[in-house]
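Before any comments, here is the structure.
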Protein chains: 2
Amino acid sequence: MTELTIDQAAERMGISKHTLRYYEREGLLPEIAKGANGHRRYTEEDLGWVKFLQLLRGTGMPIREMKHFVSLTWAGDHTIAERVEVLERYRVALAARMEADREHMQFLNHKIDYYSGVLELENATPDAVAGERAEARL
Amino acid sequence: MTELTIDQAAERMGISKHTLRYYEREGLLPEIAKGANGHRRYTEEDLGWVKFLQLLRGTGMPIREMKHFVSLTWAGDHTIAERVEVLERYRVALAARMEADREHMQFLNHKIDYYSGVLELENATPDAVAGERAEARL
DNA sequence: CCTTGACTTAGAGTGCACTCGAAGAGTTAC
DNA sequence: GTAACTCTTCGAGTGCACTCTAAGTCAAGG
């Protein structure tokens, strides 16, 4: 019924047709059913799986490990313990990235604040600019 | 005095010698002074600059734009307004990434919680496992 | 009937950021 | 003095995740 063409699926998931086929080729997606014309028909379930892959990808997991994880998922419930181990590892790594990002955001904020200060000073007193040389070090 | 060899600099900054030379070649670092033997000698100021590059890089700025930004920095104070524009763009992008990461962390947490629940259930009642099939959809 | 356009495949190409290799020179250890 | 080591440069190679091309098929429109 509500099966989508590759174009529509790509549009809706915010991903390119190329990437959809690439994921399928790589075994990250199940083989997508084909219509009478041989064109792919994406079901809602397929799209849900794509979303799952996007989230997994977003955790920083590389394609190689996604293949592994996906195969675990398809292998059945006896792989759940291993799946947890994998996810834990990426949770730790993601937490580290988030922490680093906070530092980088601070860096940007400080830099922008400092520069904005210099600009305001220039506007306020267009004469006294020459003395401003001290780059904020961090 | 406290000038470091490329090995020491790499060690201290947590970066490879290759990358240090690469950054210099690309014009991201000023030309590093060489000792009598032709070997690079890194000053504290050089290392500060490396740190600056690492922070910039951490904001998600690609090498190409870093080159631009660095050239603005070296060009003098009249480029400050443009520097602010650039940094603002990366602040917006970084904020978006941080928001996305929060979503990805939630995803991991939910998955891990769900799986852990299944595991506990298995341990508690090793018999009633067969009925457990409903994958958490998100 | 013929063109247009979207799909199919396998495989090649791209962009990024390193990362490494080869060739050569200078210092240090025995 | 010669072997081992580390540095130098330049250019090539790597790994990742796409991204695109070429050649072919099929359906609809004019």
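Convention: sequence-line order gives letters A, B, ...; per-chain numbering from 1. Hydrogens, waters and symmetry mates are skipped; everything else that's a heavy atom, side chains included, is used.
Of the side-chain N and O atoms in B/Tyr23, none sit less than 4.0 angstrom from OP1 or OP2 of C/dA17. An OP1 or OP2 oxygen of D/dT9 is reached within less than 4.0 angstrom by a side-chain nitrogen or oxygen of B/Lys34. Look at A/Arg57 and you'll find a side-chain N or O under 4.0 angstrom from OP1 or OP2 of D/dC18.
Taking only side-chain atoms of B/Thr19, from C-beta outward, the nucleotide of D/dC18, C/dT19, C/dC7 with the closest atom is C/dT19. If you check C/dT8, D/dC7, C/dG26 against the side chain of B/His39, the one that comes closest is D/dC7. Listed candidates were C/dT8, D/dT9, D/dA17. Nearest to the side chain of A/Pro62 is D/dA17. Relative to the side chain of A/Asp7, the nucleotides C/dT27, C/dC7, C/dC20 differ in distance, and C/dC7 lies closest.
Protein atom CG of B/Leu56 is 12 Å distant from nucleotide atom P of C/dA17, rounded to whole Å. At whole-Å resolution of the value, CE in A/Met61 and C1' in D/dA17 are 16 Å apart. For A/Tyr22 and C/dT14, the OH to P distance is 17 Å, given to the nearest whole Å. Distance, B/Ile63 CD1 to C/dC16 P: 10 Å, rounded to whole Å. What separates CD of A/Glu26 from P of D/dC16 is a distance of 12 Å, to the nearest Å. One interatomic measurement links the two molecules: CD1 of B/Ile15 to P of C/dA17, which rounds to 13 Å at whole-angstrom precision. In this structure, NZ of A/Lys67 is placed 11 Å from C1' of D/dC16, rounded to the nearest angstrom. Note: CZ (A/Arg25) to P (C/dG11) measures 10 Å, nearest angstrom.
Contact annotation for B/Arg40: backbone-only contact, meaning every heavy-atom pair under 4.0 Å involves sugar-phosphate atoms and none involves a base. A/His18 comes within contact range of at least one nucleobase, with a heavy-atom separation under 4.0 Å. Nucleic acid contact class of A/Arg41 (heavy atoms, under 4.0 Å, all strands): none. Using a 4.0 Å heavy-atom criterion, one finds that B/Arg21 contacts the bases of the nucleic acid, with or without backbone contacts as well. At a threshold of 4.0 angstrom between heavy atoms, the contacts of B/Arg64 are confined to the sugar-phosphate backbone, with no base atom among them.
For B/Arg102, the side chain to side chain donor-acceptor pair (under 3.5 Å) criterion is met by B/Glu99, not counting sequence neighbours.
For the residue pair B/Gln8 / B/Tyr42, no side-chain donor-acceptor distance below 3.5 Å is found, with atom types taken as modelled. Checked by atom type, the side-chain pair A/Asp46/A/Thr43 shows a donor-acceptor distance below 3.5 Å.
No side-chain heavy atom of A/Thr5 sits under 4.5 Å from any side-chain heavy atom of A/His39. Within the 4.5 Å cutoff, no side-chain heavy atoms of A/Tyr22 are placed close to those of A/Ser16.
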